[in-house]
Amino acid sequence: MGKTIGIISIKGGVGKTSSVAALGAAIANFNKKVLIIDANFSAPNLGLHLGIVNPKITLHHVLRDKAKAEDAIYKYKNMNIMPASLLDRQIKKPLTFRKKIEHLKKMYDFILIDSSPSLNNETLAAMMASDELLVVTTPDYPTLSTTMRAIRIAKQRKTPIIGVIINKVYNKNFELTLEEIEEAAESPVLAVLPHDTNVLEALANTTPLTNYSDKTEVAVEYTKLAAALIGEKYTDNRFKAILKQIFSKTPQQDVNRTVLRDLRE
Ligand SMILES: Nc1ncnc2c1ncn2[C@@H]1O[C@H](COP(=O)(O)OP(=O)(O)O)[C@@H](O)[C@H]1O
Ligand SMILES: [Mg+2]
């Protein structure tokens with residue numbers, strides 16, 4: 001039986017959709033069966049990240065009982081995607097989402113769910129359909145405060161949070177530190193992604209970052225997180241990574257990923 005992982009944050013622009021595309025591709029590259037779903041019902045754009053512009057049948061049709069979930073699934077390289085409709089976005093019962101995709105867990109190892117930035121039934125639907133959650137934040141107070149809200153709601157709904165992804169890090173003194181974010185979120189940080197224009201370039205090329213430039217720090221972080229999520233070991237063989245291992249302390253996110261991997265094995 002597969003696992004559904006929701007990628008959430010009650011804020012736009014932090015990197016949920018990019019993370020779903022990149023992590024999905026990274027997990028698929030470990031030969032796992034992956035489905036990524038766009039559950040950002042009112043402003044979907046996961047399809048656009050992969051060059052899928054106007055799919056005929058989407059999650060919206062499934063939620064309106066006009067199509068079977070299987071008919072809204074498309075192939076993108078070695079993974080599958082269920083996009084949502086950009087134009088025809090009416091849905092009445094977003095909370096039926098979980099029921100509509102439940103049976104797909106038999107067909108996939110991992111289902112990643114992209115979610116809405118609004119605190120509404122769409123986010124709740126994504127949370128309810130997820131076995132576990134990854135929360136995306138950026139290292140600033142306003143975003144962290146919305147991240148903590150998302151975590152509080154997830155805890156009320158009893159959906160386990162496996163960890164936090166810190167995105168768009170500039171490595172500046174004014175940014176919140178990993179320790180501060182872990183303490184506030186009461187959850188381990190599982191990836192620290194620098195701000196990198198390669199992510200924007202990958203988007204412009206409608207390719208998940210992990211397929212677009214797999215040696216960048218962001219792609220390697222996603223791949224390490226993917227490996228931990230599936231309980232596999234991954235060694236970063238880049239020269240600079242080897243030097244880092246010799247001369248610096250193991251970063252906390254690496255320690256956290258090892259703990260997660262050991263739990264998954
Ligand atoms: N690490 C990063 N460095 C630079 N740009 C990024 C990074 N992560 C995401 N972005 C860019 O930020 C924008 C918003 O990302 P997106 O994944 O759509 O966020 P969300 O789904 O949370 O709204 C996109 O243009 C994306 O390419
Ligand atoms: Mg998004």
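For ligands, and for the atoms within them, numbers begin at 1 and follow the listed sequence.
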Asn29 and side-chain hydrogen bond (donor to acceptor under 3.5 Å, both in side chains): which single residue from Asn211, Thr210, Thr223 fits?
Asn211
Under 4.0 Å from ligand 1, counting heavy atoms only: the protein residues, by chain and number:
Gly12, Gly13, Val14, Gly15, Lys16, Thr17, Ser18, His49, Asn167, Lys168, Pro194, His195, Asp196, Val199, Leu200, Leu203
Candidate pair Lys168 and Glu175, rule salt bridge (Lys or Arg N to Asp or Glu O under 4.0 Å), full reasoning:
CA-CA 10 Å; Lys168 300 191 178 181; Glu175 290 178 318; over 6 Å; no
So, Asn205 versus Glu201: side-chain donor-acceptor pair below 3.5 Å or not?
no
Picking from Asp214, Asn198, Leu193, what satisfies side chain to side chain contact (heavy atoms under 4.5 Å, CB included) with Leu209?
Asn198
Partner set under side-chain hydrogen bond (donor to acceptor under 3.5 Å, both in side chains) for Arg98, not counting sequence neighbours:
Glu102
Inter-residue atom distance Ile52.CD1 - Asn45.CG, 0.5 Å rounding
12.5 Å
Are there any protein N/O/S atoms under 2.8 Å from the Mg ion (ligand 2), and if so, which?
Thr17 OG1
Spatial distance of atom OG1 (Thr4) from atom NZ (Lys105) [nearest 0.5 Å]:
4.5 Å
Could you list the residues that satisfy side-chain hydrogen bond (donor to acceptor under 3.5 Å, both in side chains) with Ser145, not counting sequence neighbours?
none
Looking only at side-chain N and O atoms, does Ser130 offer a donor or acceptor that is under 3.5 Å from a partner on Thr159?
no
